[in-house]
Each structure stands twice: as structure tokens, then as C-alpha cells.
Amino acid sequence: MGKNMYSIIIPTYNERLNIALVVYLVFKHLREFDFEIIIVDDSSPDGTQDIVKQLQLLYGEERILLRARTKKLGLGTAYCHGLKHASGDFVIIMDADLSHHPKYLPSFIRKQKETGASIVTGTRYVRGGGVHGWNLMRKLTSRGANVLAQTFLWPGVSDLTGSFRLYKKSVLEDVIGSVVSKGYVFQMEMIVRASRKGYHIEEVPITFVDRVYGTSKLGGSEIVEYLKGLIYLIFAT
Amino acid sequence: MKHILKILGLLVIISAIWIGLLQASIVSSSHAWLLPVYLIILLGCYGLFMVGVGLMFFPTCPQESHLLQKDIAEAKDFLKRKGIDVNSD
């Protein structure tokens with residue numbers, strides 16, 4: 001039985017400290033698996049790439065791949081870029097800011113092995129999952145957005161905007177090509193398109209710790225973006 | 001099938017039932033005319049109810065924040081010992 005290989009793609013922009021912590025935690029929790037970490041850095045001015053090079057010396061250049069880009073080009077294309085360099089059978093995408101804890105990686109992998117799913121997506125909204133660090137307003141918008149999507153989009157997953165996911169590489173390549181949205185609507189479009197294409201999607205509970213109080217990512221413009229994305233998906237998928 | 005077609009299909013079915021009710025005059029016609037309004041109000045109530053329930057049972061994980069702090073301390077300690085520069089800012 002050949003062991004599966006997992007490529008973990010982490011886009012970074014000014015995540016100098018966090019990326020080091022994430023890499024340490026990934027190595028701690030994935031000891032018994034074959035994996036590589038692909039860091040797609042958009043030329044962070046804070047020296048993210050310097051610390052990644054130090055990490056490469058520590059863990060090995062074949063385990064940590066630095067695939068930098070020359071300017072800030074956005075999340076969706078970062079995954080495409082990382083994907084080109086991925087040699088795994090499976091690709092995991094996660095954020096560098098520690099809101100996605102690497103300790104959940106084994107449960108993604110186990111779930112995929114048990115079910116043979118094409119995609120395993122982390123969900124904050126089931127038993128065992130959860131969010132920390134959100135105020136009432138943030139929770140309210142999150143629930144409202146979720147109810148709207150569940151009512152009008154029937155996406156088949158409970159957490160649309162979460163971006164901690166494991167994909168079969170071929171499935172990610174297939175889905176990512178048909179996605180046009182940017183920003184975090186991108187994550188939503190990925191999972192909805194995959195669901196419409198009939199791919200087998202499973203969920204695992206994850207917790208989400210928002211460490212940066214007060215700088216909530218959901219302002220008025222994000223809500224408008226979300227609604228536009230929702231309407232687009234109702235018509236386009 | 002495009003999702004919008006499914007929604008339109010559902011709307012067609014609902015309209016057909018409504019027209020049926022109007023024709024058959026099972027309910028008094030003044031009520032029957034208002035049925036779509038009731039339906040929209042019902043949908044709104046459902047949405048508000050679901051948001052309310054979601055808020056009431058919003059899953060939180062305060063202990064995770066402490067665990068994360070411990071993991072961060074552990075990681076920093078390890079990386080420092082390996083000579084990696086993890087001083088913040």
C-alpha cells in the first residue's frame with residue numbers, strides 16, 4: 001500500500017511570526033504522514049520569506065517549499081500557484097494566521113480515508129466545532145449569511161465561507177478552473193461548484209480562534225460582496 | 001441543472017397550487033389572494049427564527065484560545081532553541 005502524500009498550501013502576506021508557528025505545529029501533528037508545505041508568499045515586506053528560508057534549513061527544503069510571487073495577487077490565484085508546485089495526491093489549504101489550527105489536520109486525513117471523499121471541509125457550526133473571539137454583531141452577520149445561503153443556495157455543507165479544506169488534487173484542479181470570484185466569496189464558490197459537480201464532500205468540526213480583536217473582517221463592504229456572491233452563485237451554478 | 005431553474009421550478013409549483021386554490025375557492029377568495037403575502041411573511045419568520053436559534057446555540061470555544069496560547073509558547077520556545085528568529089515585530 002503506497003502512502004498518500006499531502007501538499008499543504010499556505011498563502012502568506014506579512015505572516016512572519018505566524019508562519020513559523022504554523023510550520024512547527026504542522027510538523028508536530030503530522031508526524032506519521034508524508035507531506036510537504038507549500039508557502040505562497042506575495043512578497044511580504046516584513047521578512048516572511050527570510051523566516052521561511054530559516055525553516056527550510058531546519059526542516060528541509062523538500063518539506064517546505066517557498067513559491068513566492070512578486071506582488072500581492074490575491075488568494076484564489078495563490079492556490080492556483082501553489083497547486084502547480086504540489087506533488088501530493090491530496091492538497092490541503094489553510095490560513096497562516098493560526099485561525100486554522102494544524103491539530104485538526106489528522107482528522108481531515110482520517111475522514112478522507114474513512115469515507116473516500118473528494119473534499120473534506122472544516123466546519124465551525126457543528127458539535128465539536130466553534131468560534132472564539134467574535135462579538136455579537138459578528139455572530140449575527142455570520143448566522144444571517146449562513147441562513148440566507150442555506151435557504152437560497154442549498155449548498156450541501158454547513159460552513160460555506162470556511163477555508164480550511166482538504167481536496168483530492170485532481171478535484172481541486174478541476175474546480176479551481178471554473179471559479180471566477182475573488183476574496184472570500186472564492187471559498188464559497190469553490191465548495192458550491194464542487195457540490196454541484198457531484199463531488200463527495202465530507203465535513204469535520206474545527207474551532208476557529210480569532211486572535212485579532214476589533215479588526216473584524218466583516219464590514220459593510222464585505223456584506224455587500226457576500227450578497228453579490230450569493231446572487232451570482234444562484235444564477236451561475 | 002442551474003440552481004436558478006430549480007428555484008424557478010419551485011416558484012412555478014407554488015404558483016400552480018395558488019391558482020388552483022383561487023379557482024377551487026376552497027378558502028375564501030379574499031384570503032386566497034393574500035396567500036403569497038403570507039408565504040413571504042412565513043419565509044421571513046423562518047429566516048429570523050433560524051438566525052435566532054443559530055445565535056442562541058452559537059458554538060463557542062473559549063478554552064481553545066488558552067490551548068492556542070500554550071501551543072504558541074511551545075512553538076516559540078522550540079524555534080528559539082533552533083536559532084530561528086521568532087521575536088515578534
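All values below were derived from every heavy atom in this structure, side-chain atoms included, with hydrogens, water molecules and symmetry-related copies excluded. As the structure is a computational prediction, the values presented were derived from the model and not from experiment. Per chain, numbering begins at 1; letters A, B, ... match sequence-line order.
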Does the pair A:R16/B:D85 count as a salt bridge with the N-to-O cut at 4.0 Å? yes

A:E203 and A:K111 ion-paired at < 4.0 Å: no

If I measure from the heavy atoms of chain B, does [X] come under 4.5 Å with its side chain, its backbone, both, or neither?
X      : value
A:L21  : both
A:L140 : both
A:V147 : side chain

Using the six-membered ring wherever Trp is involved, compare the ring planes of A:H100 and A:F164 and label them parallel, tilted or perpendicular (cut-offs 30° and 60°). parallel

Does A:W154, at its CH2 atom, have more than 12 non-hydrogen atoms belonging to other residues, nucleotides or ligands within less than 6.0 Å? yes

Answer yes or no: does atom NZ of B:K82 have more than 12 heavy-atom neighbours from other residues, nucleotides or ligands under 6.0 Å? no

Please look at [X] and chain A and tell me whether the side chain, the backbone, both or neither of the residue comes under 4.5 angstrom of a heavy atom of that chain.
X     : result
B:L8  : neither
B:F57 : neither
B:L79 : side chain
B:L48 : neither

